Amino acid sequence: MSEKTEKTEPRLSVFKTYKLYVGGKFPRSESGRVYEVTDSKGNWLANAPQSSRKDARDAVVAARKAFGGWSGATAYNRGQVLYRVAEMLEGRKEQFVREVAEAEGLSRAKAAAVVDAAIDRWVWYAGWTDKIAQVVGGANPVAGPYFNLSSPEPTGVVAVLAPQDSSFLGLVSVLAPVIATGNTAVVVASAKAPLPALSLGEVLATSDVPGGVVNILSGATAELGAPLAAHQDVNAIDLAGAGAELAKELEIAAADNLKRVLRPQPVDYSATPGIDRMTAFLETKTVWHPTGALGASGSSY
């Protein structure tokens with residue numbers, strides 16, 4: 001008897017629908033708009049949501065709601081959460097290698113090196129969460145019978161314009177220091193290469209990061225940067241992904257409520273970072289407490 005050969009029907013590809021990450025959920029843009037994302041050769045990769053001003057405002061509301069719990073968590077706990085992000089990225093490395101290679105026109109080997117560096121960067125900042133206070137805080141010598149202690153505190157909601165040309169390592173390098181110190185973030189992904197950032201939202205959602213701590217938007221940087229810079233409930237803004245002209249406009253808008261502003265500057269994101277991006281979004285609280293008057297015998301009280 002002859003065996004019958006079964007014909008296999010061609011399988012349809014399952015294309016990924018990229019969405020925003022706001023408040024721990026994955027909404028489409030309220031505008032319903034999308035824009036085409038292409039690789040370095042102009043080949044279509046996906047349609048990314050084109051966020052609106054309303055999406056930006058929603059992200060700020062989510063970030064403010066999450067701020068109390070995240071800033072109130074222990075520094076050690078925040079370090080554990082950031083390390084968990086690195087663990088989850090390690091498990092999904094192949095996906096990010098592909099997305100970074102397509103986004104930045106890199107070979108697979110170079111993209112793998114970028115992803116490895118981004119994962120290591122999460123680990124690096126995870127280690128700093130419970131150490132930064134000892135570096136930038138401490139007891140101050142004063143002329144008087146007082147204890148004078150300074151300690152850093154997070155500034156609040158930080159808008160982050162991610163670098164345009166470093167879609168993943170640059171993104172991690174500007175986002176991780178913001179949340180490591182207890183701030184919450186509204187991130188505007190690279191306009192031309194948003195897919196690694198949107199995929200990062202999927203990792204954050206499964207990495208014990210509370211909803212609203214990180215909110216990721218995709219779309220035109222200028223269109224989203226303007227409402228964030230002028231927003232009265234945004235405490236600081238990182239202009240890493242803004243050009244010189246746009247940065248000047250946003251800095252003027254940010255002055256309305258005295259936001260902290262980190263100006264764009266040339267950065268080698270592959271180099272080991274310092275602590276400047278952490279300290280940029282910290283406030284210093286100083287507490288005075290009397291030690292008691294010293295008597296003639298030298299004893300207090």
Side-chain angles (χ1 to χ4, degrees), residues 60 63-83 121-160 173-186 210 212-214 229 231-240 247 250-265 267 271-301:
V60 173
R64 177 58 63 190
K65 184 177 180 181
F67 176 69
W70 183 243
S71 61
T74 65
Y76 178 72
N77 178 247
R78 287 198 298 270
Q80 288 179 309
V81 172
L82 264 65
Y83 187 80
R121 191 64 43 86
W122 278 111
V123 176
W124 195 84
Y125 279 111
W128 268 104
T129 58
D130 58 356
K131 301 174 182 65
I132 188 68
Q134 284 72 43
V135 174
V136 299
N140 308 309
V142 293
Y146 304 100
F147 292 119
N148 183 262
L149 307 172
S150 293
S151 61
E153 292 188 341
T155 193
V157 175
V158 180
V160 179
S173 298
V174 297
L175 171 60
V178 169
I179 66 172
T181 50
N183 298 292
T184 55
V186 176
V213 170
V214 178
H231 202 297
Q232 296 296 300
D233 203 26
V234 173
N235 303 103
I237 187 167
D238 185 344
L239 301 176
L250 298 182
E251 190 170 354
I252 292 172
D256 194 44
N257 74 331
L258 305 180
K259 287 180 180 64
R260 281 177 171 255
V261 176
L262 186 59
R263 296 184 175 95
Q265 51 196 299
V267 179
T272 301
I275 64 170
D276 56 309
R277 285 192 178 274
M278 287 187 285
T279 57
F281 303 117
L282 287 174
E283 307 289 345
T284 300
K285 178 177 71 176
T286 301
V287 177
W288 294 71
H289 191 279
T291 60
L294 295 176
S297 64
S299 62
S300 60
Y301 297 104

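Keep in mind that what you see is a predicted model, and the values were worked out from it rather than measured. Counting begins at 1 with the first residue of the sequence. In what follows, every heavy atom counts, from backbone to side chain, and hydrogens, waters and symmetry copies are set aside.
With hydrogens and angles disregarded, a donor-acceptor distance shorter than 3.5 Å links the side chain of Thr181 to the backbone of Pro177. With hydrogens and angles ignored, the 3.5 Å screen pairs no side-chain donor or acceptor of Arg260 with any backbone N or O of Thr155. Side-chain N or O atoms of Arg64 include one that pairs as donor or acceptor with a backbone N or O of Asp233 at under 3.5 Å. Between the side chain of Lys285 and the main chain of Pro152, no donor-acceptor pair closer than 3.5 Å is present. Looking at Thr291, its side chain does come within 3.5 Å of a backbone N or O of Pro145 through a donor-acceptor pair. Asn183 places a side-chain N or O within 3.5 Å of a backbone atom of Gly156 that can act as its donor or acceptor partner. Judged by distance alone, the side chain of Asn257 and the main-chain N or O of Val234 form a donor-acceptor pair under 3.5 Å.
Atom CG of residue Asp238 and atom CZ of residue Phe281 lie 4.5 Å apart, to the nearest 0.5 angstrom. One distance of note links OH of Tyr125 with OG of Ser173; it measures 6.5 Å at 0.5 Å rounding. Expressed to the nearest 0.5 Å, how far OG of Ser151 lies from CG of Leu282 amounts to 10.0 Å. For the atom pair CG (Leu175) and CZ (Arg121), the distance works out to 12.5 Å, reported to the nearest 0.5 Å. Atom CG of residue Leu262 and atom CD1 of residue Ile237 lie 10.5 Å apart, to the nearest 0.5 angstrom. Rounding to the nearest 0.5 Å gives a distance of 8.0 Å between CH2 of Trp288 and CG of Asn140.
Within the 4.5 Å cutoff, side-chain heavy atoms of Phe67 are placed close to those of Pro154. Contact annotation: the side chain of Val81 approaches that of Trp70 to within less than 4.5 Å [non-hydrogen atoms, C-beta and beyond]. Contact of the Lys65 side chain with the Thr184 side chain is not registered, since no non-hydrogen atoms from C-beta on lie closer than 4.5 Å. The shortest distance between side-chain heavy atoms of Val267 and Arg277 falls below 4.5 Å. Using a 4.5 Å cut-off on side-chain heavy atoms (C-beta onward), Val135 and Trp128 make contact. In this structure the side chain of Gln232 reaches within 4.5 angstrom of the side chain of Asp256, judged on heavy atoms.
Using a cutoff of 4.0 Å between basic side-chain nitrogens and carboxylate oxygens, Asp130 and Arg78 are not scored as salt-bridged. Using a cut-off of 4.0 Å between Lys/Arg side-chain N and Asp/Glu carboxylate O, Glu251 and Lys259 are scored as not salt-bridged.
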Working note: Ser150 + Thr284, criterion side chain to side chain donor-acceptor pair (under 3.5 Å); need CA distance, chi angles, decisive distance, verdict.
CA-CA 6 Å; Ser150 293; Thr284 300; over 6 Å; no
Walk me through whether Val178 and Val160 qualify under side-chain contact (heavy atoms from CB on, under 4.5 Å).
CA-CA 9 Å; Val178 169; Val160 179; 4.1 Å; yes
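Residues Ala63 and Ala185 approach most closely at CB-O, 4.5 Å, considering heavy atoms. Considering all non-hydrogen atoms of both residues, Thr129 and Ala180 come closest at CG2-O, 3.5 Å.
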